[in-house]
Amino acid sequence: QVQLVESGGGSVQAGGSLRLSCAASGRTFSSSTMGWFRQAPGKDREFVGAIRGRGGSTYHADSVKGRFTISRDYAKNTVYLQMNSLKPEDTAVYYCALGGILYGDYLSTEGSYDYWGQGTQVTVSS
């Protein structure tokens, strides 16, 4: 049984920072692609970033590039999303997801991921 548990959400003022964590259990983590997605009220869920297993290549959506950084700790089976220079439009529920060995457009596609966390709320005030 794969479980993903997110933490680190909260409320912050614009320009501030937060770090989200996602702890994985129940499946070999090292080769899995880990993704972060977010869903704002009234909007579809959108891709934020992903980090591949072997090699740890990272990919970030254009809307967060240069502000957000995804990383992973293999020993702790945990993936992180460091969010800096937060904007009100970053307000959303953030989800982590676990998939297989993904490439190209599959990295940013929801359907490519097999398991999802429960989500954590991030609220950025102006």
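These numbers come from the heavy atoms of this one structure, side chains and all, not from hydrogens, waters or symmetry mates. Because the structure is predicted, anything quoted here is derived from the model rather than measured.
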Please check if the side chain of T109 supplies one atom and the backbone of D105 the other of a donor-acceptor pair under 3.5 Å.
-> yes
Give a yes or no on this: more than 12 heavy atoms of other residues, nucleotides or ligands lie within 6.0 Å of atom CD of Q3.
-> no
Checking Y94, Y95, W116 against F37 for ring-ring contact (aromatic ring centres under 6.0 Å, His included), the one that qualifies is W116
Between A14 and S126, which heavy-atom pair has the shortest distance, and what is it?
-> CB-CA, 4.3 Å
Same hydrophobic cluster for V93 and Y115, using side-chain heavy-atom links shorter than 4.5 Å among ILVMFWY?
-> no
Is a donor on one side and an acceptor on the other found under 3.5 Å between the side chain of T120 and the backbone of S7?
-> no
Cation-pi geometry met for R72 and F29 (6.0 Å, 45°) | yes
Show your reasoning for whether side-chain hydrogen bond (donor to acceptor under 3.5 Å, both in side chains) applies to S17 and N84.
-> CA-CA 4 Å; S17 298; N84 298 328; 2.9 Å; yes
Test item: Y106 side-chain N/O and G111 main-chain N/O as donor-acceptor pair under 3.5 Å = no
Residue pair W36, C22: steps toward the side chain to side chain contact (heavy atoms under 4.5 Å, CB included) verdict | CA-CA 9 Å; W36 285 99; C22 174; 3.8 Å; yes
Going only through I, L, V, M, F, W and Y residues with side-chain contacts under 4.5 Å, is there a path from I51 to F47?
-> no
Any sub-3.5 Å donor-acceptor pair from E6's side-chain atoms to C96's backbone N or O?
-> yes
Could you walk me through whether Q13 and V124 pass the side chain to side chain contact (heavy atoms under 4.5 Å, CB included) test, one step at a time?
-> CA-CA 5 Å; Q13 288 192 324; V124 184; over 6 Å; no
Audit row: L18, L86, side chain to side chain contact (heavy atoms under 4.5 Å, CB included) steps and yes/no | CA-CA 8 Å; L18 284 173; L86 282 160; 4.2 Å; yes
With the side chain counted from C-beta on, respond yes when L102 and Y113 share a heavy-atom pair under 4.5 Å apart, and no when they do not.
-> yes
Atom CD1 of I101 and atom CZ of R52: how far apart are they, to the nearest 0.5 Å?
-> 7.5 Å
Close side-chain approach of L98 and L4, heavy atoms under 4.5 Å | yes
Judged by atom type as modelled, is there a donor-acceptor pair below 3.5 Å linking the side chain of R38 to the main-chain atoms of V48?
-> no
Neighbour count >12 (heavy atoms, 6.0 Å) for atom NZ, K76 | no
Is K87 salt-bridged to D90, cutoff N-O under 4.0 Å?
-> no
Y59, OH: over 12 other non-hydrogen atoms inside 6.0 angstrom | yes
Answer with yes or no whether the hydrophobic clustering places V79 together with V2; edges join I, L, V, M, F, W, Y residues whose side-chain heavy atoms lie under 4.5 Å apart.
-> yes
So do the side chains of V12 and T123 get within less than 4.5 Å of each other, counting heavy atoms only?
-> no
Considering all heavy atoms, the nearest P88-S125 contact | CG-C, 4.5 Å
For S112 and E110, indicate whether the former's side chain and the latter's backbone hold a donor-acceptor pair under 3.5 Å.
-> no
H60 side chain reached by I70 side chain, heavy atoms, under 4.5 Å = yes
L20 and M83 have their tightest heavy-atom pair at CG-CE, 3.7 Å
Is it true that a side-chain atom of T33 and a backbone atom of G100 form a donor plus acceptor pair closer than 3.5 Å?
-> yes
